[in-house]
Amino acid sequence: MASLKALKIRIGSVKSTQKITKAMKMVAAAKLRRAQEAAVAGRPYAERLESVMASLASKVTISASSPKLLAGTGSDQVHLIVVATSERGLAGAFNTNIVRAARKKAEELTNAGKTVRFYVAGKKGRAVLRRFHAKQIAHDFELGHIKKLAFSDAQALAEDITARYEAGEFDVAHLFYAKFQSALVQEPTGQQIIPVAVPKGAADTGASAAVEYEPDEEAILADLLPRNVAIQIFRAMLENAASEQGSRMTAMDNATRNAGDMINKLTIQYNRTRQAAITTELIEIIAGAEAL
Amino acid sequence: MALHFELVTPERLVRSEEVHMVVVPGTEGEFGVLQGHAPFMSTVRDGDLAIYKTENGEPVKIRIEGGFAEVNEKGLTVLAERAEG
């Protein structure tokens, strides 16, 4: 049985851990609210861009001369998997889930005889992927310097990826991130970002038939496509940020509760030990007095 | 007799209001949009967006960068990558 002193130290240490996890939970909750607001604020732009893309794409026929971002390179041999993870750990299974989804996809593609390369954003995904797929990592992208996620950050990433695409480094790009559903549920999601999957024209109403374009449809579309890639990435990063905080909040809540249970258990053990020690002492004294 | 005008960036909805006229810096020249403008779509160059709340009032200027403008039966929507104001 542990000594009284050891128990006391142990209780103290669990108590301070609980304080930390509790604080982290509060911080994550506050950050989650902000991240959620940012994700909601980004929605109108994405929605409008999507409807414009749909109406434009229904007017432009895909031919050899159309932009590569829309038409593809004509092959699908080399796949690039963009994995968006977080910069910090202690967020439950958040990063693990994203990486697992990405690796599953990679395995599928590899089994189908394709070449798979990784493009990692965020420190936590990099560590895992480096262990398993060190040779396949095309590039990793640090997010550590970003305090508040801005569109320009996503744009820089999108530009880099698009440039690699233009240089013929890969044929198809997938993006993996965690879609935010609630603080409890974050769903790892994969989607194809290059070539651009054009939403099919439900948004196309009769009224838009007479739209005038300046310069012309193709030029506008060529201008929009890289922007669309950037906005997809931006959206994923926003969702990811919200998911990360949600996941951390849940994980830290569990940890705090766990620490509470542990403190209770240890306190009971401590009290029992103390009482046992007192009882033994009393018996010794009484026995000593009787002997006289 | 008001034009519904929206200015949206990836980060937020900057403006959504009823105005008299908006002058947009299109890639092929500036164009003014009033209520009942024909459906139209144009890319936008970096420049000032001038918003006229009333017919004779002073315009409010917002600097925008990169994007495009769409006019449809609902009004004018400007999607910009960056906007100040």
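Because the structure is predicted, anything quoted here is derived from the model rather than measured. Proteins get letters first, then strands, A, B, ... in listed order; numbering begins at 1 in each.
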**Item:** Carboxylate-amine/guanidinium contact A:Arg48 B:Glu70, below 4.0 Å
**Value:** no
B:Glu28 atom CD, over 12 foreign heavy atoms within 6.0 Å: yes
So, do B:Met41 and A:Glu212 sit near enough that their side-chain heavy atoms are less than 4.5 Å apart? no
Between B:Pro10 and A:Ile231 the two heavy atoms that sit nearest each other are CB-CD1, 3.5 Å
Mark yes when over 12 heavy atoms from residues, nucleotides or ligands other than B:Arg63 sit less than 6.0 Å from its CZ; otherwise mark no.
yes
Bottom line for A:Gln155: the part with an atom under 4.5 Å from chain B's heavy atoms is side chain
*Over 12 foreign heavy atoms within 6.0 Å of CZ, A:Arg88*: no
To the nearest 0.5 Å, atom CD of B:Glu81 lies from atom CZ of A:Phe151 at 4.5 Å
### Query
With side chains defined as the heavy atoms from C-beta onward, is the minimum distance between B:Arg12 and A:Arg43 less than 4.5 Å?
no
Rounding to 0.5 Å, atoms CD1 (A:Ile220) and CZ (B:Phe68) come to a distance of 8.5 Å
Given B:Gly67, B:Ala38, B:Gly26, the one with more heavy-atom pairs under 4.5 angstrom with chain A than any other is B:Gly67
So OG1 of B:Thr43 and CG of A:Asp216: to nearest 0.5 Å the spacing works out to 9.5 Å
Honestly, the part of B:Ala69 sitting under 4.5 Å from a heavy atom of chain A is neither
Check whether any side-chain heavy atom of A:Tyr45 sits under 4.5 Å from a side-chain heavy atom of B:Leu79, and report yes or no.
yes
To the nearest 0.5 Å, atom CD of B:Glu11 lies from atom OG of A:Ser152 at 7.0 Å
What one should report as the nearest heavy-atom pair of B:Leu13 and A:Pro44 is CB-CG, 4.5 Å
